[in-house]
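In the text below, chain A, chain B and the rest are named by the order of the sequence lines, each starting its count at 1. FYI, side chains are in, hydrogens and waters are out, and symmetry mates aren't considered; it's all heavy atoms of this structure.
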Amino acid sequence: DQQVKQNSPSLSVQEGRISILNCDYTNSMFDYFLWYKKYPAEGPTFLISISSIKDKNEDGRFTVFLNKSAKHLSLHIVPSQPGDSAVYFCAAKRYDMRFGAGTRLTVKP
Amino acid sequence: EAQVTQNPRYLITVTGKKLTVTCSQNMNHEYMSWYRQDPGLGLRQIYYSMNVEVTDKGDVPEGYKVSRKEKRNFPLILESPSPNQTSLYFCASSSGTGHMNTEAFFGQGTRLTVV
């Protein structure tokens, strides 16, 4: 039973535009949510997180939005850059971490 | 430098031959875990450990064993590997669980092929 779902396996955007990656979860006990970025041949690296008591967290070009009633979070990247091309994993946590299947983002120059 | 180190990075083995993938972290983290990454399935947790001598099953523990005799090390053991365990494996560590939430640090990955 996949508790964290990323329904879009891939996303392609033009450089300079906004990238929006989506994630849904089923377990209302999750209280911390994270986004990880993964390049080929490397381990995932932490990008940004949000506690369940907030609905928005911003870090430079990256913003994460949390809608607890809909059990939905999203990652916005503005403006998108070619170096952002990677696989993005959404994760949700209470005592241990559950990951989504990932979304491959391609930013075209 | 803070890091999680996995060895080996690549391994090809035959069905049934016991193997161990090592994982070590230098951040004094309490929490460590193992994941496997498969196409379309993302990262699935195999086992995790909240501290020394405390381990528990994740979502896909069948065919794997772990041990946590020291805080820094968390080896993954495949007693009798089978081809369906061909995958990309990641070890991760973090300093908090539950409400002491922090991000996890991941190793570089171990690509295992069982023939």
List the atom of A/Ala101, the atom of B/Gly40, and the distance in Å for their closest heavy-atom pair.
->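 Of all heavy-atom pairs spanning A/Ala101 and B/Gly40, the closest is CB-O, 3.5 Å.
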Are [Y] and [X] co-members of a hydrophobic cluster defined by side-chain heavy atoms under 4.5 Å apart?
X	Y	value
B/Tyr64	B/Met50	no
A/Phe99	B/Tyr89	no
B/Val52	B/Tyr31	no
B/Val60	B/Phe90	no
A/Leu21	A/Val13	yes

Step through the shown structure and confirm whether more than 12 heavy atoms of other residues, nucleotides or ligands are within 6.0 Å of CZ on A/Arg61.
-> yes
Give a yes or no on whether B/Arg44 atom CZ has more than 12 heavy-atom contacts from other residues, nucleotides or ligands under 6.0 Å away.
->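 Result for CZ/B/Arg44: enclosed.
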Would you mind checking which part of [X] comes under 4.5 Å of any heavy atom in chain A, side chain (CB onward), backbone (N, CA, C, O), both or neither?
X	value
B/Gln45	side chain
B/Leu41	backbone
B/Ala104	both

Side-chain heavy-atom pair [X], [Y] within 4.5 angstrom cut-off:
X	Y	result
A/Trp35	B/Glu103	no
B/Tyr35	A/Met97	yes
A/Lys38	B/Gln37	yes

With a 4.5 Å heavy-atom cut-off (strictly below), which parts of residues 76-88 of chain B touch chain A? List them by number.
-> B/Leu88
Among residues 3-29 of chain B, those lying within the under-4.5 Å heavy-atom range of chain A are B/Arg9
Is the distance between the ring centroids of B/Phe106 and A/Tyr36 less than 6.0 Å?
-> yes
Side chain from CB out, backbone as N, CA, C, O: work out which of these in A/Pro44 comes under 4.5 Å of a heavy atom of chain B, or both, or neither.
->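 A/Pro44 touches chain B through backbone and side-chain heavy atoms alike.
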